[in-house]
Amino acid sequence: MTAHAQELRQIAQKMVATGKGILAADESSGTIKKRFDSINTESSEQNRRDYREFLFRTTHAMKNHISGVILFDETLRQKAADGTSLCQVICDTGAIPGIKVDTGAKDLADSPGEKITEGLDGLRERFAEYHELGARFAKWRAVINIGPGIPTQHCLNANAHALARYAALAQEAGIVPIVEPEVIMDGDHDIDRCFDVTSAALKALFNALEEQNVMLEGVILKPNMVLSGSTCAVQASDEEIAEKTIQCFKENVPSAIPGIVFLSGGQSDKQATSRLNAMNKIADLPWKLSFSYGRALQAAPLKAWCGKVENVNSAQSAFAHRARMNGLAACGNWESSMETSS
Ligand code: 5MM
């Protein structure tokens, strides 16, 4: 049992406080460049800083709807325009700074189409530094593709083993691990195939966490929802998605886990909100169910900003609106009619 048990429990509970969720702002250099390219904005260090700073300074939304922010290494070390560290800007809103520690998904040897996430080398030392810099939770993402003959059990086990090794090291450092086994939605598979693959990925993950003595009360799970593949001819309704996702998690996720925070994975903003809301309308859930969205929180502010200082206020309003909508969905209190106001 980790020496930090009580502290980890408290951080994890705060991460899934009622009506709040996580802002995933941990885009690595390549991903943030793609996002900035889409709004014709240069991905310079200053632009990345300015963009993230105005998100974190959207004070009312941060205070009321955001429990934590996942950062990329560069952002954890950056200072705001007035010299305050961005980490402190986040803390001043009451949210918790977190850090993405994996170094990305690489091709799994001899297994076409499959990925393994790297980043374990030197991780104990990196955790010590990240704790010193103010991070109190971390994130590691495994990528599971669905296709003919994949994922293999070998891929699920290898990724689960790495997730558990990361989680154990995080807890040793007093940092709550978010474990993210993302079953990618690309493909023409139906929702039942996604259900089966998500179940298998979760089984492998919780077996590995148990084998490696990870304390579940100090872990947050960040999964995909159970969805039809993005090019499947039959797209499941939000209600079916909610029912199948909850069934899958009830069968595979121990109740000791304090919370499940979903990724958006390419769903539209409103789909991500509506489906989270539908899940929270289902009674008797043993864990909190909230969000850890990247694109579903940031697409609207990015589009409103377009890299121009004169658009910062409207970009902050767009971010505040999505944060509020998802905060309501995390309580099952969202209505589609609320989307017309901002
Ligand atoms: C914000 O995007 C995260 C970082 O991605 P890269 O390492 O590829 O740059 C990503 O891990 C994110 O935290 C999750 O996938 C959830 O984000 P979405 O956009 O799927 O909600």
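Each residue takes its place number in the sequence, starting with 1. The basis for the numbers below is simple: all heavy atoms, side chains too, and nothing from hydrogens, waters or symmetry mates. Both ligands and their constituent atoms are indexed starting at 1 by order of listing.
Considering His65, Gln298, Met62 in turn, Met62 is the only one that fulfils the side chain to side chain contact (heavy atoms under 4.5 Å, CB included) rule with Phe319. Partner Leu86 forms a side chain to side chain contact (heavy atoms under 4.5 Å, CB included) with one of Glu74, Lys79, Gln78 and no other, that one being Gln78.
Shown in contact with Leu263 at under 4.0 Å from a heavy atom are these atoms of ligand 1, numbered in order with element: 16 (C), 21 (O). Each of the following atoms of ligand 1 lies closer than 4.0 Å to a heavy atom of Lys222: 12 (C), 13 (O), 14 (C), 16 (C). Residue contact check: Gly265 has heavy atoms under 4.0 Å from atoms 18 (P), 20 (O), 21 (O) of ligand 1. Distances below 4.0 Å separate heavy atoms of Ser264 from the following atoms of ligand 1: 18 (P), 19 (O), 20 (O), 21 (O). For ligand 1, the atoms closer than 4.0 angstrom to any heavy atom of Ser28 are 6 (P), 7 (O), 9 (O). Ligand 1 places these atoms under 4.0 Å from at least one heavy atom of Ala24: 1 (C), 13 (O). Within the listing of ligand 1, atoms 15 (O) sit less than 4.0 angstrom from a heavy atom of Glu182.
The N/O atoms of Gly266, backbone and side chain alike, include none that comes under 3.5 Å of an N/O atom in ligand 1. Checked by distance only, ligand 1 and Glu27 stay at 3.5 Å or farther apart across all their nitrogen or oxygen atoms. Checking only distances, Gly294 does come within under 3.5 Å of ligand 1, N or O to N or O. Inclusion of Tyr293 in the set of residues having an N or O under 3.5 Å from an N or O of ligand 1 is not warranted.
Taking the six-membered ring wherever Trp is involved, the centroid distance between the rings of Phe36 and Trp305 falls below 6.0 Å.
Under 4.0 Å is where a charged nitrogen must lie from a carboxylate oxygen, and between Lys281 and Glu239 no such pair does. A salt bridge links Glu129 with Arg77: the closest approach of a Lys/Arg side-chain nitrogen to an acidic carboxylate oxygen falls below 4.0 angstrom.
Formation of a donor-acceptor pair under 3.5 Å by the Thr59 side chain with backbone atoms of Arg57 is found in this model. A distance-only check finds a donor-acceptor pair linking the side chain of Lys106 to the backbone of Thr103 [under 3.5 Å].
Within a 6.0 Å sphere centred on CG of Asp110, other residues, nucleotides and ligands contribute 12 heavy atoms or fewer.
Of the candidates Arg35, Lys139, Arg295, Lys33, the one placing a heavy atom closest to atom 10 (C) of ligand 1 is Lys139.
Atom 8 (O) of ligand 1 has its closest protein heavy atom at Thr31 OG1, 3.2 Å. In this structure, the protein non-hydrogen atom closest to atom 3 (C) of ligand 1 is Asp26 OD1, 3.4 Å. Of all protein heavy atoms, the one lying nearest to atom 4 (C) of ligand 1 is Lys100 NZ, 3.2 Å.
Judged by the shortest distance from any of its heavy atoms, Glu180 lies inside the 4.0 Å radius around the atoms of ligand 1.
Using bins of under 30°, 30° to 60° and over 60° for the plane-to-plane angle, the ring pair Phe249/Phe262 lands in the perpendicular bin.
Checking Tyr51 against Gln46 by side-chain atom types alone, no donor-acceptor pair falls below 3.5 Å.
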